[in-house]
Amino acid sequence: MPPLLDPAALTVDAGQLQAQVDALAEFSSTPAPGVTRVLFTDADMAGRRYVKSLMRAAGLDVLEDAVGNIFGRWHGTAGLHGRVGTGSHCDAIPDAGKYDGVVGVLGGIAAARALQAVGFSPRRTIDIVMFTSEEPTRFGIGCCGSRLLGGALDADALARLTDADGVSFDAARRAAGYSADYASATLKPGDYAAFVELHVEQGPVLEREGLDIGVVSAIAAPASFSVTFRGEGGHAGTVLMGERRDALVPAAALTCYAEELACGSDSPDSVATVGMLQVHPGAVNSIPRTATFTLDVRDTSLAARGGIVEALKRRAQELAKERRLECAFDVINEDPPADADADIMAAVEESAAAQRLRSRRIVSRAYHDALFMARVAPMGMIFVPSKDGVSHRPDEYTSPQEMANGAQVLAATLARLAA
Ligand code: GLV
Ligand code: MN
Ligand code: MN
(Lines give C-alpha, C1' and ligand atoms only; values in the text may rest on other atoms or scores of the structure.)
(Ligands and ions follow the chains in the order given, each with its own letter.)
Protein backbone atom coordinates (compact mmCIF):
# COMPACT_ATOMS: atom_id res chain seq x y z
CA MET A 1 0.00 0.00 0.00
CA PRO A 2 1.42 3.47 -0.81
CA PRO A 3 2.44 5.57 2.23
CA LEU A 4 -0.25 7.88 3.61
CA LEU A 5 0.28 11.43 2.55
CA ASP A 6 1.07 14.18 5.05
CA PRO A 7 -2.25 15.94 5.81
CA ALA A 8 -0.36 19.06 6.84
CA ALA A 9 0.86 19.41 3.24
CA LEU A 10 -2.68 19.72 1.86
CA THR A 11 -3.72 23.27 1.09
CA VAL A 12 -6.96 24.67 -0.25
CA ASP A 13 -6.92 28.18 -1.67
CA ALA A 14 -9.44 29.95 0.59
CA GLY A 15 -9.75 32.96 -1.72
CA GLN A 16 -10.50 30.80 -4.72
CA LEU A 17 -13.09 28.76 -2.82
CA GLN A 18 -14.82 31.96 -1.65
CA ALA A 19 -14.78 33.32 -5.21
CA GLN A 20 -16.51 30.16 -6.41
CA VAL A 21 -19.10 30.36 -3.63
CA ASP A 22 -19.74 33.99 -4.63
CA ALA A 23 -19.96 33.07 -8.33
CA LEU A 24 -22.52 30.32 -7.63
CA ALA A 25 -24.57 32.74 -5.53
CA GLU A 26 -25.04 34.88 -8.65
CA PHE A 27 -27.33 32.14 -9.99
CA SER A 28 -30.38 33.06 -8.00
CA SER A 29 -33.98 33.84 -8.84
CA THR A 30 -34.16 36.54 -6.16
CA PRO A 31 -31.84 39.54 -5.64
CA ALA A 32 -28.72 39.42 -3.44
CA PRO A 33 -27.94 39.06 -0.59
CA GLY A 34 -30.60 36.32 -0.52
CA VAL A 35 -30.09 33.26 -2.74
CA THR A 36 -33.00 31.25 -4.17
CA ARG A 37 -32.21 28.22 -6.31
CA VAL A 38 -35.16 25.90 -6.61
CA LEU A 39 -34.92 22.54 -8.37
CA PHE A 40 -34.72 22.71 -12.18
CA THR A 41 -35.48 26.44 -12.38
CA ASP A 42 -33.26 28.56 -14.64
CA ALA A 43 -31.12 29.50 -11.61
CA ASP A 44 -30.66 25.85 -10.64
CA MET A 45 -29.81 24.84 -14.20
CA ALA A 46 -27.24 27.65 -14.46
CA GLY A 47 -25.76 26.59 -11.10
CA ARG A 48 -25.54 23.01 -12.35
CA ARG A 49 -23.65 24.12 -15.46
CA TYR A 50 -21.23 26.07 -13.28
CA VAL A 51 -20.61 23.11 -10.94
CA LYS A 52 -20.03 20.79 -13.89
CA SER A 53 -17.55 23.27 -15.39
CA LEU A 54 -15.59 23.28 -12.10
CA MET A 55 -15.61 19.49 -12.02
CA ARG A 56 -14.29 19.28 -15.57
CA ALA A 57 -11.64 21.91 -14.85
CA ALA A 58 -10.47 19.70 -11.96
CA GLY A 59 -10.05 16.80 -14.39
CA LEU A 60 -13.08 14.90 -13.05
CA ASP A 61 -15.33 12.83 -15.29
CA VAL A 62 -18.87 14.24 -15.11
CA LEU A 63 -21.78 11.81 -14.94
CA GLU A 64 -25.48 12.52 -14.30
CA ASP A 65 -28.18 10.07 -13.31
CA ALA A 66 -31.92 9.77 -13.89
CA VAL A 67 -32.85 12.56 -11.48
CA GLY A 68 -29.93 14.90 -12.09
CA ASN A 69 -27.59 13.87 -9.29
CA ILE A 70 -24.22 15.00 -10.66
CA PHE A 71 -21.07 12.96 -10.04
CA GLY A 72 -17.54 14.34 -10.55
CA ARG A 73 -15.56 11.11 -10.76
CA TRP A 74 -11.83 10.70 -10.06
CA HIS A 75 -10.98 7.20 -11.19
CA GLY A 76 -9.02 5.06 -8.76
CA THR A 77 -5.90 3.19 -9.77
CA ALA A 78 -6.68 -0.17 -8.14
CA GLY A 79 -9.94 -1.08 -9.86
CA LEU A 80 -11.55 -1.75 -6.46
CA HIS A 81 -15.32 -2.07 -6.12
CA GLY A 82 -16.67 0.49 -3.63
CA ARG A 83 -16.10 4.14 -4.35
CA VAL A 84 -15.49 6.84 -1.76
CA GLY A 85 -18.16 9.52 -1.99
CA THR A 86 -18.39 13.08 -0.82
CA GLY A 87 -20.63 16.00 -1.76
CA SER A 88 -23.79 17.83 -0.83
CA HIS A 89 -26.40 20.00 -2.56
CA CYS A 90 -26.53 23.35 -4.36
CA ASP A 91 -30.27 24.02 -4.32
CA ALA A 92 -31.28 26.81 -1.95
CA ILE A 93 -34.59 27.51 -0.21
CA PRO A 94 -36.27 30.88 -0.90
CA ASP A 95 -34.13 33.75 0.39
CA ALA A 96 -31.37 31.52 1.72
CA GLY A 97 -27.67 32.17 2.14
CA LYS A 98 -24.68 31.18 -0.01
CA TYR A 99 -23.16 28.38 2.02
CA ASP A 100 -25.73 25.69 2.91
CA GLY A 101 -24.80 22.63 0.82
CA VAL A 102 -22.58 24.66 -1.51
CA VAL A 103 -19.55 24.34 0.79
CA GLY A 104 -19.77 20.55 0.57
CA VAL A 105 -19.90 20.50 -3.24
CA LEU A 106 -17.36 23.21 -4.04
CA GLY A 107 -15.26 22.16 -1.01
CA GLY A 108 -15.31 18.59 -2.37
CA ILE A 109 -13.94 19.75 -5.72
CA ALA A 110 -11.35 21.89 -3.87
CA ALA A 111 -10.37 18.84 -1.81
CA ALA A 112 -9.78 16.84 -5.00
CA ARG A 113 -7.63 19.66 -6.34
CA ALA A 114 -5.62 19.80 -3.11
CA LEU A 115 -4.96 16.07 -3.35
CA GLN A 116 -3.96 16.38 -7.00
CA ALA A 117 -1.56 19.19 -6.10
CA VAL A 118 0.44 16.88 -3.82
CA GLY A 119 0.51 14.12 -6.42
CA PHE A 120 -1.98 11.82 -4.70
CA SER A 121 -3.60 9.07 -6.77
CA PRO A 122 -6.59 7.37 -5.14
CA ARG A 123 -6.68 3.58 -5.18
CA ARG A 124 -10.46 3.71 -4.81
CA THR A 125 -12.50 5.89 -7.15
CA ILE A 126 -13.59 9.15 -5.51
CA ASP A 127 -16.96 10.72 -6.43
CA ILE A 128 -17.82 14.33 -5.64
CA VAL A 129 -21.61 14.42 -5.78
CA MET A 130 -24.04 17.29 -6.22
CA PHE A 131 -27.33 15.81 -5.03
CA THR A 132 -30.64 16.79 -6.58
CA SER A 133 -33.09 18.75 -4.44
CA GLU A 134 -31.90 18.32 -0.88
CA GLU A 135 -34.34 21.10 -0.03
CA PRO A 136 -38.06 20.28 -0.06
CA THR A 137 -39.08 23.59 -1.67
CA ARG A 138 -40.44 22.43 -5.01
CA PHE A 139 -41.79 18.92 -4.43
CA GLY A 140 -42.47 19.05 -0.69
CA ILE A 141 -39.95 16.41 0.38
CA GLY A 142 -36.24 16.91 1.00
CA CYS A 143 -33.28 14.87 -0.25
CA CYS A 144 -35.01 13.59 -3.41
CA GLY A 145 -31.71 12.64 -5.05
CA SER A 146 -30.07 10.96 -2.07
CA ARG A 147 -33.32 9.23 -1.05
CA LEU A 148 -33.46 7.60 -4.48
CA LEU A 149 -29.77 6.65 -4.35
CA GLY A 150 -30.18 5.20 -0.85
CA GLY A 151 -33.39 3.33 -1.65
CA ALA A 152 -35.43 5.46 0.76
CA LEU A 153 -37.93 6.66 -1.84
CA ASP A 154 -39.83 4.55 -4.31
CA ALA A 155 -39.21 5.70 -7.88
CA ASP A 156 -42.93 5.68 -8.78
CA ALA A 157 -43.76 7.79 -5.75
CA LEU A 158 -40.99 10.24 -6.67
CA ALA A 159 -42.14 10.46 -10.30
CA ARG A 160 -45.71 11.26 -9.20
CA LEU A 161 -44.86 14.10 -6.79
CA THR A 162 -46.29 17.39 -8.02
CA ASP A 163 -45.24 20.98 -7.42
CA ALA A 164 -47.52 23.93 -6.61
CA ASP A 165 -48.33 24.35 -10.30
CA GLY A 166 -49.30 20.71 -10.74
CA VAL A 167 -46.11 19.80 -12.65
CA SER A 168 -44.97 16.26 -11.84
CA PHE A 169 -41.42 15.47 -10.78
CA ASP A 170 -41.20 13.24 -13.82
CA ALA A 171 -42.17 16.03 -16.21
CA ALA A 172 -39.81 18.46 -14.47
CA ARG A 173 -36.80 16.14 -14.68
CA ARG A 174 -37.49 15.39 -18.34
CA ALA A 175 -37.76 19.09 -19.13
CA ALA A 176 -34.36 19.50 -17.45
CA GLY A 177 -32.91 16.82 -19.71
CA TYR A 178 -32.95 13.80 -17.36
CA SER A 179 -34.86 10.84 -18.74
CA ALA A 180 -32.98 7.65 -17.81
CA ASP A 181 -34.71 4.80 -16.00
CA TYR A 182 -35.07 5.61 -12.27
CA ALA A 183 -33.92 2.14 -11.26
CA SER A 184 -30.52 2.81 -12.81
CA ALA A 185 -29.90 5.49 -10.15
CA THR A 186 -30.47 3.40 -7.02
CA LEU A 187 -27.26 2.23 -5.36
CA LYS A 188 -26.47 -1.23 -4.11
CA PRO A 189 -24.78 -1.74 -0.75
CA GLY A 190 -21.06 -1.84 -1.53
CA ASP A 191 -21.20 0.64 -4.42
CA TYR A 192 -19.76 3.13 -1.93
CA ALA A 193 -17.17 1.98 0.58
CA ALA A 194 -17.64 5.25 2.48
CA PHE A 195 -19.49 8.55 2.19
CA VAL A 196 -18.40 11.73 3.98
CA GLU A 197 -20.19 15.08 3.60
CA LEU A 198 -18.73 18.49 4.38
CA HIS A 199 -21.36 21.03 5.49
CA VAL A 200 -21.72 24.26 7.45
CA GLU A 201 -22.90 23.57 11.00
CA GLN A 202 -26.03 25.76 10.72
CA GLY A 203 -25.93 26.02 14.52
CA PRO A 204 -23.89 27.88 17.15
CA VAL A 205 -21.76 25.21 18.85
CA LEU A 206 -18.43 25.39 17.00
CA GLU A 207 -18.29 29.19 16.97
CA ARG A 208 -19.29 29.42 20.64
CA GLU A 209 -16.59 26.95 21.65
CA GLY A 210 -13.91 28.44 19.38
CA LEU A 211 -13.53 25.20 17.40
CA ASP A 212 -12.69 24.66 13.73
CA ILE A 213 -14.22 21.30 12.90
CA GLY A 214 -17.31 19.34 13.98
CA VAL A 215 -17.09 15.58 13.69
CA VAL A 216 -20.71 14.54 13.26
CA SER A 217 -21.66 11.53 15.38
CA ALA A 218 -25.33 11.25 14.33
CA ILE A 219 -28.00 12.98 12.27
CA ALA A 220 -31.30 13.70 14.03
CA ALA A 221 -34.51 12.13 12.79
CA PRO A 222 -36.67 14.42 10.62
CA ALA A 223 -40.40 14.06 9.99
CA SER A 224 -42.88 16.25 8.16
CA PHE A 225 -46.61 16.23 7.63
CA SER A 226 -49.22 18.00 5.56
CA VAL A 227 -52.32 18.92 7.56
CA THR A 228 -55.59 20.23 6.11
CA PHE A 229 -58.63 21.48 7.98
CA ARG A 230 -61.69 21.77 5.75
CA GLY A 231 -64.63 23.82 6.99
CA GLU A 232 -67.06 26.24 5.40
CA GLY A 233 -66.29 29.55 3.77
CA GLY A 234 -68.55 32.56 3.78
CA HIS A 235 -68.87 36.30 4.12
CA ALA A 236 -66.68 37.78 6.86
CA GLY A 237 -69.34 40.36 7.68
CA THR A 238 -72.55 38.39 7.57
CA VAL A 239 -71.85 34.95 9.05
CA LEU A 240 -72.17 35.32 12.82
CA MET A 241 -69.47 33.81 15.04
CA GLY A 242 -71.60 31.01 16.44
CA GLU A 243 -72.37 29.69 12.97
CA ARG A 244 -68.85 29.53 11.61
CA ARG A 245 -66.72 26.54 10.60
CA ASP A 246 -63.53 28.52 10.07
CA ALA A 247 -60.62 26.31 8.94
CA LEU A 248 -57.82 28.64 9.96
CA VAL A 249 -58.53 28.92 13.68
CA PRO A 250 -57.79 25.24 14.45
CA ALA A 251 -54.67 25.47 12.24
CA ALA A 252 -53.49 28.32 14.45
CA ALA A 253 -54.39 26.35 17.59
CA LEU A 254 -52.45 23.30 16.38
CA THR A 255 -49.44 25.50 15.55
CA CYS A 256 -49.41 26.84 19.11
CA TYR A 257 -49.84 23.31 20.47
CA ALA A 258 -46.83 22.10 18.43
CA GLU A 259 -44.71 24.81 20.03
CA GLU A 260 -46.04 23.94 23.47
CA LEU A 261 -45.26 20.23 23.02
CA ALA A 262 -41.72 20.80 21.73
CA CYS A 263 -40.96 23.32 24.50
CA GLY A 264 -42.35 21.00 27.16
CA SER A 265 -40.61 17.86 25.86
CA ASP A 266 -38.20 15.96 28.11
CA SER A 267 -35.82 15.73 25.15
CA PRO A 268 -33.73 18.91 24.69
CA ASP A 269 -33.61 18.21 20.95
CA SER A 270 -37.36 18.28 20.25
CA VAL A 271 -38.25 20.92 17.66
CA ALA A 272 -41.51 21.58 15.82
CA THR A 273 -42.19 24.14 13.09
CA VAL A 274 -45.09 25.23 10.91
CA GLY A 275 -43.29 26.74 7.90
CA MET A 276 -46.00 26.90 5.25
CA LEU A 277 -49.67 27.80 5.45
CA GLN A 278 -52.20 28.22 2.65
CA VAL A 279 -55.65 29.55 3.28
CA HIS A 280 -58.43 29.22 0.74
CA PRO A 281 -59.97 31.32 -0.68
CA GLY A 282 -57.58 33.83 0.88
CA ALA A 283 -59.42 37.15 0.94
CA VAL A 284 -59.67 39.81 3.65
CA ASN A 285 -63.41 39.53 3.78
CA SER A 286 -63.81 35.78 3.44
CA ILE A 287 -63.95 33.07 6.11
CA PRO A 288 -61.23 30.46 5.42
CA ARG A 289 -62.80 27.35 3.91
CA THR A 290 -59.59 25.33 3.97
CA ALA A 291 -56.28 25.75 5.76
CA THR A 292 -53.39 23.54 4.67
CA PHE A 293 -50.07 23.70 6.47
CA THR A 294 -46.84 21.79 6.97
CA LEU A 295 -45.57 20.46 10.28
CA ASP A 296 -41.83 19.72 10.61
CA VAL A 297 -41.01 17.72 13.76
CA ARG A 298 -37.51 16.47 14.64
CA ASP A 299 -35.60 14.93 17.47
CA THR A 300 -32.51 12.89 18.18
CA SER A 301 -34.86 10.54 20.08
CA LEU A 302 -37.38 8.70 17.90
CA ALA A 303 -39.54 8.02 20.96
CA ALA A 304 -39.74 11.71 21.83
CA ARG A 305 -40.56 12.63 18.25
CA GLY A 306 -43.19 9.92 18.08
CA GLY A 307 -44.83 11.18 21.28
CA ILE A 308 -45.12 14.69 19.90
CA VAL A 309 -46.51 13.51 16.57
CA GLU A 310 -49.12 11.28 18.22
CA ALA A 311 -50.24 14.14 20.48
CA LEU A 312 -50.52 16.44 17.47
CA LYS A 313 -52.60 13.90 15.54
CA ARG A 314 -54.97 13.45 18.51
CA ARG A 315 -55.34 17.19 19.02
CA ALA A 316 -55.99 17.74 15.30
CA GLN A 317 -58.89 15.24 15.42
CA GLU A 318 -60.27 16.84 18.61
CA LEU A 319 -60.14 20.31 17.08
CA ALA A 320 -61.89 19.04 13.94
CA LYS A 321 -64.62 17.40 16.03
CA GLU A 322 -65.17 20.40 18.30
CA ARG A 323 -65.50 22.68 15.28
CA ARG A 324 -67.37 20.31 12.91
CA LEU A 325 -64.53 20.26 10.38
CA GLU A 326 -62.78 17.59 8.37
CA CYS A 327 -59.12 17.01 9.03
CA ALA A 328 -56.47 15.18 6.96
CA PHE A 329 -53.10 14.55 8.63
CA ASP A 330 -50.78 13.11 5.95
CA VAL A 331 -47.22 11.88 6.41
CA ILE A 332 -44.68 13.36 3.99
CA ASN A 333 -41.68 11.67 5.59
CA GLU A 334 -40.85 9.98 8.90
CA ASP A 335 -37.17 9.12 8.74
CA PRO A 336 -35.08 7.39 11.39
CA PRO A 337 -31.84 9.00 12.60
CA ALA A 338 -28.45 7.77 11.36
CA ASP A 339 -25.23 7.16 13.27
CA ALA A 340 -21.88 8.05 11.78
CA ASP A 341 -19.36 5.27 11.22
CA ALA A 342 -16.69 4.97 13.94
CA ASP A 343 -13.80 4.58 11.48
CA ILE A 344 -14.86 7.62 9.44
CA MET A 345 -15.21 9.71 12.62
CA ALA A 346 -11.71 8.63 13.63
CA ALA A 347 -10.38 9.47 10.16
CA VAL A 348 -11.90 12.97 10.36
CA GLU A 349 -10.55 13.52 13.88
CA GLU A 350 -7.06 12.39 12.95
CA SER A 351 -7.12 14.52 9.79
CA ALA A 352 -8.15 17.59 11.80
CA ALA A 353 -5.51 16.97 14.47
CA ALA A 354 -2.79 16.52 11.85
CA GLN A 355 -3.69 19.95 10.50
CA ARG A 356 -3.66 21.46 14.00
CA LEU A 357 -7.40 22.16 13.83
CA ARG A 358 -9.51 21.84 16.96
CA SER A 359 -12.50 19.53 16.70
CA ARG A 360 -15.30 17.99 18.73
CA ARG A 361 -18.04 15.46 18.13
CA ILE A 362 -21.41 16.97 17.40
CA VAL A 363 -24.95 15.87 16.53
CA SER A 364 -26.46 17.25 13.33
CA ARG A 365 -29.92 18.60 14.05
CA ALA A 366 -30.42 19.48 10.38
CA TYR A 367 -30.85 16.65 7.92
CA HIS A 368 -28.44 16.11 5.08
CA ASP A 369 -27.97 13.87 2.04
CA ALA A 370 -25.62 11.86 4.27
CA LEU A 371 -28.71 10.67 6.22
CA PHE A 372 -29.80 8.67 3.17
CA MET A 373 -26.33 7.71 1.94
CA ALA A 374 -25.95 6.09 5.38
CA ARG A 375 -28.47 3.46 4.24
CA VAL A 376 -26.02 2.10 1.68
CA ALA A 377 -22.57 3.11 2.98
CA PRO A 378 -20.66 3.85 6.17
CA MET A 379 -21.27 7.58 6.66
CA GLY A 380 -19.52 10.56 8.21
CA MET A 381 -19.86 14.34 8.16
CA ILE A 382 -17.52 17.26 8.71
CA PHE A 383 -18.96 20.54 10.02
CA VAL A 384 -17.39 23.99 9.82
CA PRO A 385 -18.61 26.96 11.91
CA SER A 386 -21.62 29.10 11.03
CA LYS A 387 -21.49 32.72 12.20
CA ASP A 388 -24.02 33.21 15.02
CA GLY A 389 -25.35 29.76 14.16
CA VAL A 390 -27.44 31.32 11.39
CA SER A 391 -28.68 29.35 8.35
CA HIS A 392 -31.59 29.33 5.89
CA ARG A 393 -31.19 33.13 5.90
CA PRO A 394 -29.33 35.55 3.61
CA ASP A 395 -26.91 36.50 6.42
CA GLU A 396 -25.61 32.93 6.74
CA TYR A 397 -21.79 33.18 6.86
CA THR A 398 -18.72 30.97 7.11
CA SER A 399 -15.33 32.61 6.55
CA PRO A 400 -13.06 31.66 3.62
CA GLN A 401 -10.50 30.15 6.00
CA GLU A 402 -13.15 28.13 7.86
CA MET A 403 -14.37 26.70 4.55
CA ALA A 404 -10.80 25.94 3.45
CA ASN A 405 -10.14 24.22 6.80
CA GLY A 406 -13.13 21.98 6.18
CA ALA A 407 -12.05 21.20 2.61
CA GLN A 408 -8.52 20.38 3.79
CA VAL A 409 -9.82 18.03 6.48
CA LEU A 410 -12.10 16.50 3.85
CA ALA A 411 -9.12 16.03 1.50
CA ALA A 412 -7.10 14.25 4.18
CA THR A 413 -10.11 12.11 5.12
CA LEU A 414 -10.75 11.14 1.49
CA ALA A 415 -7.08 10.23 1.14
CA ARG A 416 -7.32 7.90 4.14
CA LEU A 417 -10.53 6.31 2.89
CA ALA A 418 -9.40 5.95 -0.74
CA ALA A 419 -5.77 5.01 -0.18
C1 GLV B 1 -32.17 20.78 5.61
O2 GLV B 1 -32.19 21.75 4.86
C3 GLV B 1 -32.96 20.72 6.78
O4 GLV B 1 -34.09 21.28 6.76
O5 GLV B 1 -32.51 20.16 7.79
MN1 MN C 1 -30.87 23.70 3.91
MN1 MN D 1 -27.84 21.68 3.52
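What you are looking at is a predicted structure, and each value in this text was computed from that prediction instead of being measured. For this chain, numbers begin at 1 and follow the sequence in order. Computation of the quantities below employed the complete heavy-atom set of this structure, encompassing side-chain atoms and omitting hydrogens, waters and symmetry-equivalent molecules. Atoms within each ligand, like the ligands themselves, are counted from 1 in listed order.
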Check whether more than 12 heavy atoms from other residues, nucleotides or ligands sit under 6.0 Å from atom [atom1] of [X], and answer yes or no.
X      : atom1 : answer
Lys387 : NZ    : no
Glu209 : CD    : yes
Asp266 : CG    : no

Listing residue and atom name, which protein N/O/S atoms are closer to the Mn ion (ligand 2) than 2.8 Å?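 Under 2.8 Å from the Mn ion (ligand 2) - ignoring waters, which are not counted - the protein N, O or S atoms are Asp100 OD2, Glu135 OE2, His392 NE2.
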Side-chain H-bond candidate by donor/acceptor type, Ser351 with Arg416, under 3.5 Å: yes
So, Asp44 and Arg37, do they make that salt bridge, N to O below 4.0 Å?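 Arg37 and Asp44: not salt-bridged.
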Inspect the contact between Arg315 and Glu318 and indicate whether a charged nitrogen and a carboxylate oxygen are less than 4.0 angstrom apart.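 Between Arg315 and Glu318 there is a salt bridge, with a charged N closer than 4.0 Å to a carboxylate O.
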Sequence neighbours excluded - salt bridge (Lys or Arg N to Asp or Glu O under 4.0 Å) pairs with any residue from residues 88-100: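 Sorted result for residues 88-100: Asp22-Lys98.
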Is it possible for you to check whether Arg49 lies under 6.0 Å from the centre of the six-membered ring of Phe27, through NZ or CZ, and within 45° of that ring's axis?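 No, Arg49 and Phe27 do not form such a contact.
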Considering only heavy atoms, which protein residues lie less than 4.0 Å from any atom of ligand 1? Glu134, Glu135, Arg298, Ala366, Tyr367, His392
Taking only residues two or more places apart in sequence or in another chain, which ones pass side chain to side chain donor-acceptor pair (under 3.5 Å) with Arg73? Asp127
